[in-house]
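Just below is one structure, and these are the notes that go with it.
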Amino acid sequence: PVYLYEAAATRPERVNLANVRKGEYEGLKKEIATNLDRKPDFGPAKMHLTAGAMVIGARKFLIAYNVNLDSKDVQIAKEIAKIVREKDGGFPAVKALGFEIKDKGFVQVSMNLCDFEKTNMDVVFRKIKEETEKRGVKVLGSEIYGMVPRAALEEIDLKELQLIDFKKDQILEERLKK
């Protein structure tokens, strides 16, 4: 079975990938054949024995961006994630969660910036820094996880982002030169 999401979605409720994945493998397996809302866009209405189901989407470049906080209180990261994420009234095209990074002794606001032209790293970084200061917590730094298009870095002061271990070859266009 194949499901389409984001710009490829054939139904409005499937634009958001989280809606397609709701219930995970087990939930979909129970409903795929009986719930019309869970019928796939293509293929049989039953899970493949070894592959499960496939989700295909067309979307803008996603930037995985994390901000590390000098705290062990995961509730602070969760509160700030709620403030910046779109679904709770925060910034457009931002998905965010708060996590504890136990092995490193700090918490993190972990984000997917789904459209950097709507909300880029500098905007969320400044808001997170503002919110941490209100709570008496410092920002340890931020990190781009994976690749980033050059256009997302234009007009941003990379020093302001306090980037940790950012390398030139994380820029998509630089990697493509290789």
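Numbering of residues begins at 1 and proceeds along the displayed sequence.
One hydrophobic cluster, built from ILVMFWY side chains closer than 4.5 Å, cannot hold both Leu36 and Val2; they sit in different ones. Hydrophobic clustering (ILVMFWY, side-chain heavy atoms < 4.5 Å, transitive): Ile156 and Leu62 are in distinct clusters.
For the side chain to side chain contact (heavy atoms under 4.5 Å, CB included) test, residues two or more places apart in sequence or in another chain that qualify with Lys167 are Asp165, Asp169, Gln170. Listed by chain and number, the residues in a side-chain hydrogen bond (donor to acceptor under 3.5 Å, both in side chains) with Lys159 amount to none (sequence neighbours excluded). Every residue two or more places apart in sequence or in another chain that forms a side chain to side chain contact (heavy atoms under 4.5 Å, CB included) with Pro44 is listed here: Lys46. Under the rule for a salt bridge (charged side-chain N to carboxylate O under 4.0 Å, His left out), Glu143 has no partner lying at least two apart in sequence or in another chain. Evaluation of the salt bridge (charged side-chain N to carboxylate O under 4.0 Å, His left out) rule for Glu26 yields no partner, not counting sequence neighbours. Here Lys177 pairs with Glu174 under the salt bridge (charged side-chain N to carboxylate O under 4.0 Å, His left out) rule; sequence neighbours left out. Applying the salt bridge (charged side-chain N to carboxylate O under 4.0 Å, His left out) criterion to Asp103, with sequence neighbours excluded, gives no partner residue.
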Show the atom names and distances, to 0.1 Å, of all donor-acceptor pairs under 3.5 Å that link a side chain in residues 67-77 to residues at least two apart or in another chain.
unit_1: Asn68; atom_1: OD1; unit_2: Gln108; atom_2: NE2; d: 2.8
unit_1: Ser71; atom_1: OG; unit_2: Asp73; atom_2: N; d: 2.9
unit_1: Asp73; atom_1: OD1; unit_2: Gln75; atom_2: N; d: 3.0

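Under the salt bridge (charged side-chain N to carboxylate O under 4.0 Å, His left out) criterion, the residue pairs touching residues 53-69 are Lys60-Asp115, Lys60-Glu117, with sequence neighbours excluded.
Through direct or indirect side-chain contacts shorter than 4.5 Å among Ile, Leu, Val, Met, Phe, Trp and Tyr, Val15 is connected to no other residue. Listed by chain and number, the hydrophobic cluster partners of Phe99 are Leu97, Ile101, Phe106, Leu140, where partners are ILVMFWY side chains within reach of under 4.5 Å, directly or through others. Grouped with Val20 in one hydrophobic cluster are Tyr3, Tyr5, Leu17, Tyr25, Leu28, Ile32, Met47, Val55, the linkage being side-chain heavy-atom contacts under 4.5 Å among Ile, Leu, Val, Met, Phe, Trp and Tyr residues.
Thr119 contributes a side-chain N or O that, together with a main-chain N or O of Pro92, makes up a donor-acceptor pair within less than 3.5 Å. Under a 3.5 Å cut-off, the side chain of Ser142 and the backbone N or O of Leu161 do form a donor-acceptor pair.
Atom NZ of Lys39 sits in a crowded spot, with more than 12 heavy atoms from other residues, nucleotides or ligands closer than 6.0 Å.
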